[in-house]
Structures are given as structure tokens and as C-alpha cells.
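I have placed the structure first, in the form of C-alpha cells, so that the comments after it can refer back to it.
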Amino acid sequence: MPLNCSSLVFRVPHILGQTRITNTKKLTSTTYIGNCFPKHRKETPQNKSFHIVSQLKFNQNYSSSSSSSSSVMEDHRNLALSSPGPEKYSKELDVAVRAVQMACSLCQKVQESLISKANSPVHSKDDNSPVTVADWSVQATVSWILCESFGRRNVSMLAEEDVQSLSKTDATGLLDAVVKTVNDCLTEAPLFGLKGPETPLGSSDVLEAISRCNSNRGPTGRFWALDPVDGTLGFVRGDQYAVALALIEDGEVVLGVLGCPNYPMKKEWLSYHHRYHRIISKLTPPASESWDKGCVIYARKGSGEAWMQPLCQKNKLLAWPNSAIPVRVSSIDNPALATFCEPVEKSNSSHSFTAGLAHSVGLRKQPLRVYSMVKYAAIARGDAEIFMKFARTGYREKIWDHAAGVVIMQEAGGVVTDAGGSPLDFSKGIYLEGLDRGIIACSGAKLHEKIIRAVDASWNSSCL
């Protein structure tokens with residue numbers, strides 16, 4: 001089962017890359033929210049001197065004066081510890097991050113298979129968008145984990161995929177592949193601090209888990225919104241994609257988790273295509289200083305903080321939140337210095353309008369074109385400053401394409417609204433109803449205001 005969020009946590013100076021306890025007699029406890037966020041102290045990229053510690057060799061002085069705490073550490077040596085009184089949504093965030101970490105691991109394996117095998121199955125939905133074994137498998141896996149963690153009666157979900165294609169008589173092979181992928185993933189649940197099934201899931205269990213994600217919740221109640229593989233086109237091409245999970249309560253997104261398996265932890269690696277990293281990783285042995293392939297970013301509404309951790313490496317225990325670092329939006333508010341994120345897909349957004357708009361406000365840098373909600377992650381951690389999306393006529397934005405990214409970016413200090421300056425409305429079911437023209441996300445209020453004014457000035461001349 002997921003972590004119990006009540007115990008102890010210690011502030012530890014991080015000196016010259018080595019963790020060391022000092023002044024042990026004056027250690028104080030600090031409340032950590034869902035093993036993720038410090039409640040009373042906000043860390044910033046400029047102040048990283050304190051870290052959470054789970055596996056420590058206590059010195060003799062501390063052991064003799066704190067035997068009870070030492071025994072607790074022995075009992076939970078692989079877990080980060082927090083003091084009593086967990087904040088609201090602490091367990092939900094705990095489980096959500098672990099579930100997304102598992103889902104990313106699943107996706108990585110499926111994507112490697114797609115790249116290495118030319119005849120790997122990629123299917124088309126009614127709108128001709130691609131769907132793979134990973135889409136259904138992630139949805140089934142996350143659905144099963146949430147229900148096991150909180151009880152089926154307490155879990156309501158809304159997700160992108162349905163079971164129609166899998167339930168057809170000629171889809172036996174496809175269903176078998178999904179069932180195998182789900183069970184392979186769930187057997188690794190203990191590595192992520194979760195409990196897997198006692199016996200492998202059958203076809204009916206997997207179909208039920210997928211079909212359970214059909215919530216019709218609106219302005220009241222609680223439900224989870226999941227996009228199992230956001231940016232499936234990028235996924236099948238071996239490019240960027242995201243696993244997005246958000247919890248929505250009474251129409252408000254209260255927490256979000258974004259798994260970005262091909263988005264490196266370090267910004268400098270963005271200059272290289274991730275296929276290059278895949279080649280390098282096979283040629284050189286992994287090391288702690290080497291490139292971390294992928295990251296998970298998460299936030300809880302109202303915390304004023306967003307955090308990022310690397311993906312759990314293959315066959316290793318999830319060391320969380322020890323590896324998590326705070327992320328913050330860029331302070332750039334001059335459009336001439338800003339980097340603009342743009343969707344790759346041209347089918348549901350207007351590149352010509354956004355390009356013209358970017359030029360009109362003075363954007364001069366090469367745009368960062370990435371698939372999926374990775375754009376929100378890029379702005380949240382300061383790799384870019386602006387994201388605009390203006391849908392073509394007839395296209396309707398779905399809540400699972402934005403919920404997780406919006407709350408993460410907002411808690412990291414960014415601003416997300418429609419083109420009229422109104423907050424996005426997640427209380428109307430599947431779609432973002434009442435959207436004024438498009439979506440504008442910026443790293444700060446000043447930059448956001450400049451973009452809003454430019455949109456108003458340019459809109460009448462557009463052909464959207």
C-alpha cells in the first residue's frame with residue numbers, strides 16, 4: 001500500500017555533494033505534505049541547502065540520544081519521513097506520483113518496442129488519432145492502482161480511452177498484449193512503494209479497469225482526470241509525450257502530476273535530440289552524474305510550489321522524495337528574450353496565427369515545438385516562457401489535455417487563462433467549455449498581459 005504520511009523528517013545540510021548531519025541535538029521536525037512538500041519552509045533553486053533524507057547511517061552520538069528515532073528510520077529506511085498531521089490531498093498526491101512513475105516505466109518499454117519493431121501495432125481511433133498498447137495499458141494500470149489505494153467506491157475517473165476497440169471479436173491479440181503489459185507493470189509495484197495484485201489480472205479485470213474511467217462529474221464532487229499517453233503521435237515517433245494525472249474537486253484542479261519520459265532533467269540536454277541520448281546511454285554505463293532520461297513534475301493547489309524528480313531507473317526502488325528538487329518559472333518578462341512553446345500537431349491548432357502573433361510581440365528566439373503537455377512542464381521549470389494554443393474551428397479542448405499541466409504551472413509561479421484572461425473551467429465535464437478563442441500560458445503576469453493585449457490587437461485580422 002502507499003506510504004503513510006506521518007512520521008519524522010530531518011533537515012540536513014548538503015555540503016560538497018555529501019549528506020551529513022550536524023548539530024544533531026537540535027534537529028527539529030518539519031511537516032512534509034504527502035512526502036512531497038515542506039509545509040513551513042519554501043525551497044527555491046537558490047537555496048538547496050536542506051534535503052529530505054531516508055537512508056542514513058547515524059553517528060554514535062545521535063544513536064545514543066535518539067534510539068526511538070533511529071528505530072523508526074530502520075523501519076522505514078527506504079521512505080522519506082514526515083511529522084504527524086498530513087495536509088489535505090497528501091495521500092492522493094503520494095499515490096498519484098507513484099502511479100505516474102509506474103506508467104512512465106510502462107511507456108518506456110512499449111516505446112522501445114515500437115521503435116525496434118517496424119510492425120508494432122498502432123491503431124487509429126474514430127478521429128484518426130493514433131492509439132497504442134501503452135494508452136490502454138496505462139489507463140488500466142492507473143485505474144487499478146487508484147481503486148486499490150482508495151477503494152472502488154471512492155474513486156471516480158475520467159480518461160481518454162474506451163474499451164470498444166479492445167472488446168471486438170477480432171481484437172483478441174491486441175487485448176492479450178494489453179493484459180500482459182499491465183501485469184508486467186503491476187509486478188513491479190513494490191519498487192514504487194505500492195502493492196500489486198496477489199494474482200495476475202485477467203482480460204475481464206483489465207477491461208473493467210479501463211471502462212471504469214467514464215465519470216460524468218461536473219461542478220461538484222471529486223474525480224481523477226487521466227490522459228494515459230498525451231501526445232501519442234510523438235510517442236509512436238519516438239519523440240516527446242506525457243502521462244498526465246490530475247485530481248479535480250468541485251470543479252477545481254487540486255493536484256497534478258506530469259510524467260515526461262523523454263524530457264531530460266537538465267536543461268542543457270535539451271539542445272540534443274533524445275534519440276541521441278538513447279544511443280549514448282547504450283554506449284556508456286549509467287552513473288549518477290549522467291543524463292537522467294525523463295522526469296516527473298507535480299504540484300498541489302495552494303502550496304505555491306512545484307517539484308521535479310527523475311524517473312525511477314529500471315529495477316531500482318523509487319527514492320522519493322529524496323531526489324525531488326523545486327522548480328520555478330523563469331523571471332523573463334521581455335518578449336524579445338522569451339522562448340515560445342508551440343504545438344507540433346497542425347491538425348488542431350493554428351501555427352500561422354501563433355507565429356504571426358509571436359512576431360508582433362517581439363519574440364525572436366526559435367520556438368520550442370514539443371508534443372503534449374510537456375509544454376507546461378517546460379514553462380514550469382523555466383525552460384520556456386510562453387505557450388499559446390488557438391484551436392481551429394470545430395476543435396474542442398478536453399480537460400485531461402490541460403488539467404495536470406495547468407495546476408503545476410500555476411504553483412510554479414506561472415499564469416494560465418483563455419485568450420480573454422479568464423481561468424480555464426474544469427467544471428463542465430469532458431470539455432473546456434466557454435473557452436475564449438484559445439489558451440495562453442506564461443511564466444509571469446507581466447508577460448501574460450502583453451500577450452493578451454497582442455491577441456486582442458491581432459484577432460480581427462486572423463482567419464481562425
Side-chain angles (χ1 to χ4, degrees), residues 99-100 102-143 157-166 171 174-175 177-178 181-182 185 206 209-210 213 225-246 257-263 273-275 278 293-294 296 311 341-349 351 369-378 387 389 391-392 395-405 430-431:
V100 170
M102 282 186 65
C104 289
S105 176
L106 183 159
C107 287
Q108 285 180 314
K109 295 173 183 176
V110 176
Q111 189 180 55
E112 289 292 339
S113 176
L114 285 172
I115 294 171
S116 61
K117 299 178 182 178
N119 60 347
S120 294
V122 178
H123 303 269
S124 295
K125 293 185 280 190
D126 292 339
D127 59 358
N128 292 323
S129 59
V131 59
T132 70
V133 167
D135 294 79
W136 287 300
S137 299
V138 167
Q139 186 162 317
T141 299
V142 173
S143 172
M157 288 189 69
L158 181 62
E160 186 168 14
E161 310 305 337
D162 57 42
V163 296
Q164 293 181 1
S165 298
L166 288 178
L174 177 60
L175 178 58
V178 171
T181 303
V182 171
C185 181
V206 171
I210 297 172
C213 305
L226 170 69
D227 195 336
V229 180
D230 184 38
T232 305
L233 187 59
F235 177 79
V236 300
R237 291 176 176 176
D239 213 310
Q240 298 288 350
Y241 64 98
V243 177
L245 180 62
V257 185
L258 271 181
C260 308
N262 286 333
Y263 200 68
H273 195 279
H274 67 90
R275 289 193 183 97
R278 187 162 52 243
K293 182 181 179 181
V296 173
L311 292 187
C341 280
E342 189 174 51
V344 177
E345 302 91 338
K346 295 183 179 180
S347 59
N348 56 21
S349 64
H351 282 186
R369 287 192 173 181
V370 290
Y371 294 89
S372 75
M373 267 186 276
V374 172
K375 293 179 283 291
Y376 284 114
F387 161 50
K389 185 178 181 183
R392 294 184 180 277
Y395 182 82
R396 301 169 72 189
E397 298 287 352
K398 301 179 181 67
I399 64 171
W400 53 65
D401 287 325
H402 298 278
I430 295 178
Y431 300 102

Legend entry - side-chain contact (heavy atoms from CB on, under 4.5 Å) between Asp239 and Asn262, worked out: CA-CA 7 Å; Asp239 213 310; Asn262 286 333; 5.9 Å; no
Legend entry - Atom pair CD (Glu160) and CD1 (Ile399), whose distance is rounded to the nearest 0.5 Å: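 Between Glu160 CD and Ile399 CD1, I get 11.5 Å after rounding to 0.5 Å.
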Inset, instruction - Using atom types as modelled and distance alone, determine if a side-chain donor or acceptor of Ser372 lies under 3.5 Å from a backbone N or O of Gly231. - result: no
Are any of the side-chain heavy atoms of [X] and [Y] separated by less than 4.5 Å?
X	Y	result
Val110	Phe235	yes
Pro228	Trp136	no
Lys398	Asp227	no
Lys389	Lys375	no
Trp400	Ile430	yes
Asp401	Asp230	yes
Glu161	Leu166	no
Val229	Cys107	yes

Over all atoms of both residues, closest heavy-atom pair of [X] and [Y]:
X	Y	value
Ala246	Ala403	CB-CB, 3.7 Å
Leu226	Gln139	CD2-CA, 3.8 Å
Val100	Leu258	CG1-C, 4.3 Å
Gly259	Cys104	CA-SG, 3.6 Å
Pro261	Leu311	CA-CD1, 3.6 Å
Ala244	Met373	CB-CE, 3.0 Å

